[in-house]
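Lettering of chains follows the sequences in order, A, B, ..., and the numbering in each one begins at 1.
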There are 2 protein chains.
Amino acid sequence: MKFRNQVEWALHCCSLMSSLPEGRYLSTRSLSEFHGVPKEYLGKALQGLSKAGLVLTTLGPSGGYRLAREVGQITFLDIVEAVEGRKSTFQCSEIRANNPCRPANACDDRPCAVARIMWRADEAWRRSLAEVTLADLQDMLAEDLAPDMLKRSFDWLLERAG
Amino acid sequence: MKFRNQVEWALHCCSLMSSLPEGRYLSTRSLSEFHGVPKEYLGKALQGLSKAGLVLTTLGPSGGYRLAREVGQITFLDIVEAVEGRKSTFQCSEIRANNPCRPANACDDRPCAVARIMWRADEAWRRSLAEVTLADLQDMLAEDLAPDMLKRSFDWLLERAG
DNA sequence: CAATCATGGACATTCCATATCCTAGATTGG
DNA sequence: CCAATCTAGGATATGGAATGTCCATGATTG
């Protein structure tokens with residue numbers, strides 16, 4: 001019951017790309033150096049973001065990734081699902097069908113009650129993540145971090161952005 | 001990002017034990033037969049419930065498990081956490097410390113903003129599961145299932161209960 | 001006293017997260 | 001045009017966790 005590391009990486013990469021000026025791109029190499037994570041493996045996560053349409057890419061030198069939408073239009077749920085998929089935390093294996101008292105021709109018009117309850121909790125979880133955008137994260141970071149550190153990070157980013 | 005099978009098994013076992021008359025017990029063997037799951041492995045999940053204080057046990061022939069509290073006093077969250085543990089879905093690896101622009105003496109007074117958002121979603125998930133008890137599940141099943149099947153399952157249970 | 005039970009440790013197996021490496025094709029800067 | 005750099009993505013290792021089996025122990029019951 002744990003997320004991939006890639007989810008954390010993808011979220012932090014999106015956070016960094018949130019400060020990227022219009023039309024510029026950040027390469028996998030730069031993103032991996034900034035966060036201290038393996039470049040090749042991070043690439044898989046970024047490809048997930050790309051396939052989900054959350055980021056745009058260009059090839060060649062000075063290529064890389066940038067956000068495909070405004071920071072206010074990308075939610076945490078978008079990013080998590082792009083990397084982790086849309087599977088529910090609870091997978092119903094239809095245990096109820098094994099009940100020895102169940103007639104062979106029994107048909108279930110509704111999903112198993114246990115699954116319904118677990119899936120409702122999943123929905124609450126998704127709703128919570130869908131309420132937070134990258135813009136909200138930017139606001140939180142502006143409160144958390146010292147202004148000069150934000151400035152230095154931004155300069156670092158400008159140096160690398162193609 | 002998926003639960004153990006044991007979580008599903010434990011929930012269904014608790015559901016069955018909800019109909020158990022006062023003072024009677026159900027063995028691992030019976031529970032595994034009813035649900036069609038491996039006895040030895042199911043035993044591990046039931047031991048989890050036992051260690052969490054959700055069920056009582058007795059040894060010897062006619063021994064087994066029964067709920068330790070009223071059905072209205074055992075929540076889905078209780079059961080899930082007894083089997084799965086209390087780990088969060090999101091594990092913060094403090095990626096922010098790898099930021100090359102970060103001064104060596106920097107200290108963080110708050111958890112990483114990304115983690116705070118993810119943990120808030122976990123809380124919403126837990127709250128949802130904490131709102132549902134085994135009594136609620138019984139009500140749902142009474143609506144879902146044909147009365148004669150509930151009756152047959154109950155008789156099956158009485159035959160096995162020690 | 002023999003059968004049955006929970007507990008728990010040891011062990012095998014299968015699957016997945018976590019990588020690493022390489023090739024192909026596209027693009028850019030010189 | 002050419003060399004360098006980029007993304008995309010396939011092939012392959014590896015470690016650890018999920019899944020499942022087996023057995024020993026001690027308690028309880030009939």
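- Within a 6.0 Å radius of NZ in B/Lys87, more than 12 heavy atoms belonging to other residues, nucleotides or ligands are found.
- Between B/Lys39 and B/Lys87, the residue anchored nearer the 5' end of DNA chain D, judged by the nucleotide with its closest heavy atom, is B/Lys87.
- For B/Lys2 and C/dC15, the NZ to C1' distance is 10 Å, given to the nearest whole Å.
- Of the listed nucleotides (C/dG8, D/dG20, C/dT18), D/dG20 has the atom at the smallest distance from the side chain of B/Trp9.
- Residue-to-nucleotide contacts include a donor-acceptor pair under 3.5 Å from the side chain of A/Lys44 to the base of D/dG10.
- Rounded to whole Å, atom P of C/dA17 lies 9 Å from atom CD of A/Gln6.
- As rounded to whole Å, 16 Å separates atom C1' of C/dC5 from atom CG of B/Leu56.
- Position along DNA chain C of the nearest nucleotide to B/Thr57 versus A/Pro38 favours B/Thr57 as the more 5'-ward residue.
- Among the heavy atoms of the strands lying under 4.0 Å from B/Tyr65 are primed sugar atoms or P, OP1, OP2 only; no base atom is included.
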Under the ring pair (Phe, Tyr, Trp, His ring centres under 6.0 Å) criterion, do B/Trp125 and B/Phe90 qualify, and how do the steps go? CA-CA 13 Å; B/Trp125 179 84; B/Phe90 183 83; over 10 Å; no
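- Taking 4.0 Å as the cut-off between side-chain N and carboxylate O, A/Arg126 and A/Glu81 count as a salt-bridged pair.
- Of the candidate nucleotides D/dA8, C/dA6, D/dG20, C/dA6 has the atom nearest to the side chain of B/Ser27.
- A distance of 8.0 Å separates CD of A/Glu8 from CG of A/Leu11, quoted to the nearest 0.5 Å.
- As a whole-Å value, the separation of A/Tyr41 OH from D/dG15 P is 15 Å.
- Here A/Gly43 lies out of heavy-atom contact (under 4.0 Å) with every strand.
- Of the side-chain N and O atoms in A/Arg29, one or more sit less than 4.0 angstrom from OP1 or OP2 of D/dC6.
- Looking at residues 153-162 of chain A, you'll see that no heavy atom sits under 4.0 Å from any atom of DNA chain C.
- Residue A/Ser50 places at least one side-chain N or O closer than 4.0 Å to OP1 or OP2 of D/dA8.
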Produce a footprint string for nucleotides 22-30 of chain C: one letter per nucleotide, 5' end first; B if the base is under 4.0 Å from any protein heavy atom, S if only the sugar-phosphate is, - if neither. B--BBBB--
